Number of protein chains: 2
Amino acid sequence: MLGLLSAGPASGYDLLKTFELSLENVWPATQSQLYAELGRLAKEGLVRVAAEGPRGRKEYEITEEGRAELRHWLVEVPPTLTRRSDMLLRVFFLDQVGADAARGYLERLAERAVHEHDQLRGIREFVISQGDDALRLYGDIALEWGLRLTAAQRDWAEWAAGRVGALEHEKAGQAGAE
Amino acid sequence: MLGLLSAGPASGYDLLKTFELSLENVWPATQSQLYAELGRLAKEGLVRVAAEGPRGRKEYEITEEGRAELRHWLVEVPPTLTRRSDMLLRVFFLDQVGADAARGYLERLAERAVHEHDQLRGIREFVISQGDDALRLYGDIALEWGLRLTAAQRDWAEWAAGRVGALEHEKAGQAGAE
DNA sequence: CTGAACATGTAACACGTTACATGATTGA
DNA sequence: TCAATCATGTAACGTGTTACATGTTCAG
């Protein structure tokens, strides 16, 4: 939220739309959370109500303290390593469902990755055509990560499905020979 | 937990050690959570106390219902897409700290990825030498994902740092020409 | 005049974390 | 005997989600 407000004042409702539209893929947030958090940030002096509009609209702006906190978080607080992937957790126990179903699971992962990749390509087309320089640069860098991640996932899932398939045939061959 | 118990009976303490050692990178869990969850699973009939040992040790085993639930989760419940990456979120607001600090951030990401990659390579050395066939296959597939992910992150972060650096020089050149 | 969009807020619930709290075995 | 390890459990707290609850403005 400090990041979004650093680009200019906005209401809780505005921020909500931004989260839903552009930030949804990296940091989903709900309406309740947003309003509650705005209250907290205001109490801490990191944001302030700059103007009030119709329908009870409150336009928030970031304060100097808020900007300092944002900069601090950006470069000094170490990013957390992305742990906890249920997609990967399942892989550990895939022997419980047999090679055939396991291969199916991995193939579906590959398909999903292709689908996500295509969606991101669509978004990039759209983003390239607008926005200011800084946002275009960093937005594009983030998008590129999405593209590389989904491509890697597709490749890996296909490779893994192949390995499971090879084991499947090996076993079948042995069974036939016995 | 059902997955771990599907390989054989274990106590809460045993499971805790497994989470700390091998599952830590895909699904960290705390001691409190484990014991609470074992109680819940037992109440639902997905696990049962198979034996009691010294020091109040309770050995749990998975029930048929538990096994069915595990298989159901493995192949029928769609994996959640890994959202919410604060590492990527920061990228969106990197223009707030200037090109120089932004480049530093991305370079640190690259270094971190290299470090993680090396660690995983070490783990693979260790894992290859032991374990049964099924666990070796799927454990290795999971490890391979970690290797590909960290490699992709290194490449991306270096590429991104390069792009930011290029912008930096361009701006400097313009400033010098004015 | 009416429905969509704008706009904000609270309450109940679930889950995860940290800290608290206790006790039994066993090997050196 | 004493420290490490084994072993289990509860309580307080923070954060996020879903659902509830309400009211305003504006375009057609």
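A quick note: this is a predicted structure, and the numbers were derived from the prediction, not measured. In what follows, every chain begins at residue 1, and chains take the letters A, B, ... in the order their sequences are listed.
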Mind jotting down which residue pairs meet the salt bridge (Lys or Arg N to Asp or Glu O under 4.0 Å) criterion with at least one end in residues 16-37 of chain B? Sequence neighbours excluded, please.
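Matches after skipping sequence neighbours: A:Arg83-B:Glu24, B:Lys17-B:Glu20, B:Glu37-B:Arg40.
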
Whole-Å distance between [N] [atom2] and [X] [atom1]?
X: A:Leu15; N: C:dC6; atom1: CG; atom2: C1'; answer: 14 Å
X: A:Tyr35; N: C:dA7; atom1: OH; atom2: P; answer: 8 Å
X: B:Glu37; N: C:dC15; atom1: CD; atom2: P; answer: 8 Å
X: A:Gln31; N: C:dA5; atom1: CD; atom2: P; answer: 16 Å
X: B:Arg57; N: C:dT22; atom1: CZ; atom2: C1'; answer: 19 Å
X: A:Lys17; N: C:dT8; atom1: NZ; atom2: C1'; answer: 13 Å
X: B:Leu38; N: C:dC15; atom1: CG; atom2: P; answer: 15 Å
X: A:Asp14; N: C:dA7; atom1: CG; atom2: C1'; answer: 10 Å

Select from A:Arg40 and A:Arg55 the residue whose nearest nucleotide in DNA chain D is closer to the 5' end of that strand.
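Residue closer to the 5' terminus by nearest nucleotide: A:Arg40.
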
Is a side-chain donor-acceptor pair under 3.5 Å present for A:Ser11 with A:Arg57?
yes

For A:Glu111, salt bridge (Lys or Arg N to Asp or Glu O under 4.0 Å) partners two or more places apart:
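Result, salt bridge (Lys or Arg N to Asp or Glu O under 4.0 Å) vs A:Glu111: none returned.
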
Before you tell me yes or no, could you show the steps for A:Trp156 and B:Trp145 under side-chain contact (heavy atoms from CB on, under 4.5 Å), namely the whole-Å CA-CA distance, both residues' side-chain angles and the distance that decides it to 0.1 Å?
CA-CA 7 Å; A:Trp156 165 79; B:Trp145 171 243; 3.5 Å; yes

N-O pairing of A:Arg124 and A:Asp140 below 4.0 Å:
yes

If the threshold is 4.0 Å, N to carboxylate O, is there a salt bridge linking A:Glu125 and A:Arg121?
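Salt bridge: no.
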
Is any side-chain heavy atom of A:Leu4 closer than 4.5 Å to a side-chain heavy atom of A:Asp14?
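A:Leu4 vs A:Asp14: side chains apart.
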
Output yes when at least one side-chain N/O atom of B:Thr30 is less than 4.0 Å from OP1 or OP2 of C:dT17, else no.
yes

Spell out yes or no: do the side chain of B:Ser32 and the base of C:dT18 have one donor N/O and one acceptor N/O closer than 3.5 Å?
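Answer yes: a donor N or O sits under 3.5 Å from an acceptor.
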
Outer limits of DNA chain D sitting under 4.0 Å from a non-hydrogen atom of chain A, read 5' to 3', are D:dG16 to D:dT25

